[in-house]
Number of protein chains: 2
Amino acid sequence: MKLDILTKTETLDIQKTIISKIRDLINAKNLEPGDKLPSERMLSEKFEVTRSNVREAIQKLEFYGLLKSIPQSGTFVANIGVTAMNGMIEDILRLEEPDFKSLVETRILLELKTARLAALRRTDDDLLKMKEALDAYTEKVLNGEDAVQEDLLFHLAIAKASGNSTMNTFMLIITPEIITNFEKYHVCDKGLAQSGIIEHQSIFDAIKDQKPQLAKQKMKEHFSVLYQYCYNI
Amino acid sequence: MKLDILTKTETLDIQKTIISKIRDLINAKNLEPGDKLPSERMLSEKFEVTRSNVREAIQKLEFYGLLKSIPQSGTFVANIGVTAMNGMIEDILRLEEPDFKSLVETRILLELKTARLAALRRTDDDLLKMKEALDAYTEKVLNGEDAVQEDLLFHLAIAKASGNSTMNTFMLIITPEIITNFEKYHVCDKGLAQSGIIEHQSIFDAIKDQKPQLAKQKMKEHFSVLYQYCYNI
DNA sequence: ATACAAAATCTGGTTAACCAATTACAGCTA
DNA sequence: TAGCTGTAATTGGTTAACCAGATTTTGTAT
């Protein structure tokens, strides 16, 4: 198990090394947007690593929109100049694992906004989905069961109703990590679920009645405990 | 070229099919958190697809924190129950490509916050990095050159100074798409760069002087044109 | 029957050979 | 010489064989 972690960080280190070598190469050759990178085989030979490693590194840079691979043709520099390329690669290399405080802070930011937007834009279908999630949550809590999942599904339903696909995606990305940390730090073992029913209902009503400011306010109150907890960690 | 696009969407469809089949399987077998999925080979045989396809689908679900692969052991359901699993997979399947409006909306949300946080938390080193980015931007603009890259690097420097790694990551994710769309819709071909210098300087000063509310306000003014543009698309 | 050891099997990950499409270029034609 | 064509090399992607470690099964001795 310990070995597994070791090899994993080792793999990450190799990837970071390759990424910085790709950056150096782009700088050395003064590659502009649209220019072609050397082939994966050449890079793997030049860097003395396997082609798989090169591919993974390229895919990561592709995820961040810096490169673009085209089958049977080559890998190309995206529509970003050398300056932005250098800056962004440096940022990517220094990216650290998100801490819990950072996750909660971001979640609150996103959810205050999605609640407001949902009140403005929710369709009737959105409302139905939110109602279903709300009922499922309420039932679980009243039965004294654990309802962390239903809790978050209600929040995801709001994100969906916000009509903002980017925020929806970001909520999906942070949700599992939030759940993990909740369980790790036992955030929800504090009888918050009961009061949660009323708070969720208030948020739902505000969105249903299309009152954006109220929805945001109710969401803020819902998170007040989390705020507290976050600052005391 | 058209074929390329076709095969790409086709690949995505296959992946979505596999993901939903994995969901069905988790439901059918009532797999709980920590339970093991069938091996990749069995899944590829059962679903009548290649193992590569199965691996890609699993990796996607791993990215969203729903599964966890352990070498030489198996793929396991993460610490998320069936309910959340079902809801999140449904959301992931329905995720659409982010539209420009959604991107801009999210960017503004993030940047108002990172500006405020940067004013509260920036270190002297952060300040130095921001100053460098600011000077690079100013010089380019004064020389009449295109400075979109330097513009965004300044904003990324702020995100970094915010001390929130999640928001920093999200900024990195949306920045290239913002750039692409800026060029696509010619957002910046409007002589905004000149006024941008003053606005950037104001933001920098507010962060330097550790005035969070002012930093947020100045950032808001900086984005007012973008707001306008976003609503008129 | 039980405890333990050894071997066979099964796992995700890795590697290298293979593929189809693209590209570059040599050579032919007009 | 200009333009075309066919062939060979190059490309990222795919596939199947392979690897090392974990797991299960099997066999043996107590």
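These numbers come from the heavy atoms of this one structure, side chains and all, not from hydrogens, waters or symmetry mates. Residue numbers begin at 1 in each chain, while the letters A, B, ... track the order of the sequences.
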Hey, which of these two, A:N53 or B:T75, hits DNA chain C nearer its 5' end, going by closest nucleotide?
B:T75
Summary of side chain to side chain donor-acceptor pair (under 3.5 Å) pairs that have at least one residue in residues 36-46 of chain A, sequence neighbours excluded
A:E40-A:R51, A:E40-A:R55
Check the distance between [N]'s [atom2] and [X]'s [atom1] and give it to me in whole angstrom.
X     : N      : atom1 : atom2 : result
B:K68 : C:dT11 : NZ    : C1'   : 15 Å
A:I70 : D:dG12 : CD1   : P     : 11 Å
A:Q72 : D:dT10 : CD    : C1'   : 10 Å

Could you pull out all residues at least two apart from A:F76 that satisfy ring pair (Phe, Tyr, Trp, His ring centres under 6.0 Å)?
none
In residues 26-51 of chain A, what residues come within less than 4.0 Å of DNA chain D, judged by heavy atoms?
A:S39, A:E40, A:R41, A:R51
So, does A:S73 get its side chain near the phosphate of D:dT10, meaning an N or O under 4.0 Å from OP1 or OP2?
no
Does D:dG12 have its OP1 or OP2 closer than 4.0 Å to a side-chain nitrogen or oxygen of A:R55?
no
Could you pull out all donor-acceptor pairs under 3.5 Å where a side-chain atom in residues 25-35 of chain A meets a protein atom, sequence neighbours excluded?
| residue | atom | partner | partner atom | Å |
| --- | --- | --- | --- | --- |
| A:N27 | OD1 | A:N86 | ND2 | 2.8 |
| A:N27 | ND2 | A:R23 | O | 3.3 |
| A:N27 | ND2 | A:N86 | OD1 | 2.8 |
| A:D35 | OD2 | A:E32 | N | 2.8 |

Counterpart residues, side-chain hydrogen bond (donor to acceptor under 3.5 Å, both in side chains), relative to B:D135 (two or more places apart)
B:K131
side-chain hydrogen bond (donor to acceptor under 3.5 Å, both in side chains) involving B:T50 - partner list, sequence neighbours excluded
B:N53
Just checking B:S52: base, sugar-phosphate only, or nothing, at a heavy-atom cut-off of under 4.0 Å?
base
Please confirm whether the backbone N or O of B:T123 pairs with a side-chain atom of B:D126, one donor and one acceptor, at under 3.5 Å?
yes
